[in-house]
**Student:** 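I have a structure here, written as structure tokens, and I will follow up with some questions on it.
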2 protein chains.
Amino acid sequence: MASILIAEDDADLRTNMVDILELEGHQVVAVDCAEAAISACQQHTFDIALMDLLMPGMTGVEAISNLRQLNPFIAIIIVTAYATVDTAVDAMKKGADSVMTKPFNAGELLMGIKRSIAEKQLLKSAVNIDADSVYAALANPLRRSTLKQLGTHKQLKFMDLCRLVGVEDHTRFNFHLRQLKKAGLVQQNESKVYILTTTGQFVLQNHNLS
Amino acid sequence: MASILIAEDDADLRTNMVDILELEGHQVVAVDCAEAAISACQQHTFDIALMDLLMPGMTGVEAISNLRQLNPFIAIIIVTAYATVDTAVDAMKKGADSVMTKPFNAGELLMGIKRSIAEKQLLKSAVNIDADSVYAALANPLRRSTLKQLGTHKQLKFMDLCRLVGVEDHTRFNFHLRQLKKAGLVQQNESKVYILTTTGQFVLQNHNLS
DNA sequence: TTGTTCTGATAAGGAAACTTCACAATAGTC
DNA sequence: GACTATTGTGAAGTTTCCTTATCAGAACAA
């Protein structure tokens with residue numbers, strides 16, 4: 001199913017995790033420290049990395065930036081016995097996708113894996129958008145403003161949108177609106193009202209347009 | 001100092017927090033539910049929102065998307081007595097900037113505020129970049145590739161960079177490199193080697209270029 | 001030295017983006 | 001029906017972006 005990397009210095013727990021995940025049909029590579037995880041990531045692109053927090057050498061959290069540099073789309077789950085709210089928050093701030101507390105049973109492990117895959121799936125689909133046309137569309141402040149207005153007002157008629165953005169020449173605005181449509185960020189619903197597409201919503205959320 | 005919004009249904013704790021923060025010179029607005037916090041955010045732009053998790057009506061986490069839509073740069077701290085690792089991770093996934101556990105003393109509260117301000121400061125400085133030129137620069141796949149290569153190799157000479165990106169015509173590549181320089185994403189150090197600027201590094205981290 | 005590669009400036013021409021103007025079709029209003 | 005605001009299309013024209021070609025100084029090897 002998924003390609004999973006495990007970094008865990010406790011040999012017993014490690015083999016246990018490998019067994020659980022392989023039994024479920026996942027392809028697993030297990031190592032005993034963060035440095036080995038990084039080099040493993042250089043040779044194979046994993047879907048998920050389960051990183052123990054405390055290991056000899058680098059911690060799991062410290063390795064996050066390295067792993068993500070090698071593979072931007074890897075889901076990183078920090079696993080630790082000594083999880084407090086503070087350590088969990090810190091791990092998330094540093095770029096972890098989730099935090100699991102030891103001990104956990106097989107069901108909890110598989111559930112965590114499943115959820116991470118589902119969450120990454122959203123991002124994967126958003127990456128399939130045409131970066132060229134999206135960036136070109138965002139290069140214009142008028143179009144960024146249009147996207148933002150559509151984000152707040154959800155659905156708007158042509159002239160209302162035009163006035164909100166502050167363009168007096170409607171035909172000029174029409175040009176930019178068509179550019180947004182062509183880039184796949186904006187669409188018209190059945191009653192001709194303009195709304196954001198799903199990619200448009202994604203872009204709006206992730207790009208902090210200014 | 002900072003403009004802070006507090007949403008907390010426990011009246012005693014609320015006035016206590018207000019006292020602590022006002023004593024430190026902050027400007028504080030306090031409300032008793034998430035809905036009131038949202039409407040307060042419509043009338044004033046706060047730097048920080050301290051949101052209780054469990055309140056009558058909407059939870060603090062549920063309000064996050066509303067608050068952030070009204071003010072993309074607000075730092076949202078979820079405050080709760082019943083914080084587990086799971087609830088903290090969930091809050092972070094939903095867009096919280098940090099999670100604090102009750103009870104806390106004045107020092108912990110002020111420290112949390114201070115840290116959030118510092119972290120947001122980084123983002124604020126990155127927002128000062130000229131969005132027009134940055135997006136225009138990113139609109140070209142050759143330039144995105146150049147940025148990525150500079151991100152991994154840290155510093156590169158002109159021809160090495162040119163070959164890595166896969167352009168045979170160096171003068172054409174030179175054009176795009178200059179565009180990147182003009183957009184403030186790339187610079188040359190004292191020995192003429194090309195490196196990313198801080199804004200370049202920021203863009204590379206936050207934009208998941210494809 | 002001579003030649004070669006690296007690094008870059010400049011100018012010309014084409015392609016794409018953007019604006020503006022002119023003109024319709026439609027819908028709603030009196 | 002007459003009138004107006006809305007929602008477009010299409011064709012100039014202008015500006016900006018991008019490519020290509022030419023040349024030239026600097027670094028470096030033989």
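Hydrogens, waters and symmetry mates play no part in the numbers below; they use all other heavy atoms, side chains included. We name chains A, B, ... by the order of the sequence lines, and we start the count at 1 in each one.
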**Student:** When you check the phosphate oxygens OP1 and OP2 of C:dG8, does a side-chain N or O of B:Q188 lie under 4.0 Å from one of them?
**Tutor:** yes

**Student:** For the pair made of CZ in A:F173 and P in D:dG8, what is the distance, rounded to whole Å?
**Tutor:** 11 Å

**Student:** Of A:N140 and B:N174, whose closest DNA chain C nucleotide lies nearer the 5' terminus?
**Tutor:** B:N174

**Student:** Taking the minimum atom-to-atom distance to the side chain of B:F158, which one of D:dC17, C:dT19, C:dT7 wins?
**Tutor:** C:dT7

**Student:** Can you tell me how the ring of A:F158 sits relative to the ring of A:H170, calling it parallel under 30°, perpendicular over 60° and tilted otherwise?
**Tutor:** perpendicular

**Student:** May I have the distance from B:D169 (atom CG) to C:dG8 (atom C1'), rounded to whole angstrom?
**Tutor:** 13 Å

**Student:** Separation of A:R172 atom CZ from D:dT15 atom P, in whole Å?
**Tutor:** 15 Å

**Student:** Could you tell me how far apart B:E168 (CD) and C:dC6 (P) are, to the nearest whole angstrom?
**Tutor:** 14 Å

**Student:** Return the value, rounded to whole Å, for the distance between atom OH of A:Y135 and atom P of D:dC17.
**Tutor:** 18 Å

**Student:** Would you confirm whether B:R143, through its side chain, and B:A136, through its main-chain N or O, come within 3.5 Å as a donor-acceptor pair?
**Tutor:** yes

**Student:** When you measure only distances, ignoring hydrogens and angles, does the side chain of B:H170 come within 3.5 Å of the base of C:dT7 through a donor and an acceptor?
**Tutor:** yes

**Student:** Report which part of the nucleic acid A:Y194 touches: base, sugar-phosphate, or nothing (heavy-atom distance under 4.0 Å, all strands).
**Tutor:** sugar-phosphate

**Student:** Work out which heavy atom in A:L204 is nearest to a heavy atom in A:G151; give both atom names and the distance.
**Tutor:** CD2-CA, 3.4 Å

**Student:** Looking at C:dA9, C:dG8, C:dC18, which one has an atom nearest to any side-chain atom of B:K192?
**Tutor:** C:dG8

**Student:** Calculate the interatomic distance between A:L180 atom CG and D:dG8 atom P; express it in whole Å.
**Tutor:** 14 Å

**Student:** With nearest nucleotide decided by heavy atoms, which residue, A:A136 or B:L177, maps closer to the 5′ end of DNA chain C?
**Tutor:** B:L177

**Student:** Quick check for you: among D:dT6, D:dT19, C:dC18, whose closest atom lies nearest to any side-chain atom of A:F175?
**Tutor:** C:dC18

**Student:** Whole Å only: how far is the CG atom of A:L161 from the P atom of D:dT7?
**Tutor:** 10 Å

**Student:** Look at A:D97 together with A:R68 and state whether they make a salt bridge at an N to O cut-off of under 4.0 Å.
**Tutor:** yes

**Student:** Which heavy atom in A:V31 sits nearest to a heavy atom in A:R14, and how many Å separate them?
**Tutor:** O-CD, 3.4 Å

**Student:** Should the side chain of B:T171 and the base of C:dT7 be counted as holding a donor-acceptor pair, with the cut-off at 3.5 Å?
**Tutor:** no

**Student:** So which nucleotide from C:dT7, D:dC17, D:dT9 ends up closest to the side chain of A:R178?
**Tutor:** D:dT9

**Student:** Out of C:dC18, C:dG8, D:dC18, which has the shortest distance to the side chain of A:R143?
**Tutor:** C:dC18

**Student:** Take atom CG of B:D160 and atom P of C:dT5, then tell me their distance rounded to the nearest Å.
**Tutor:** 15 Å

**Student:** Does B:H176 make a side-chain N or O approach to OP1 or OP2 of D:dC17 shorter than 4.0 Å?
**Tutor:** no

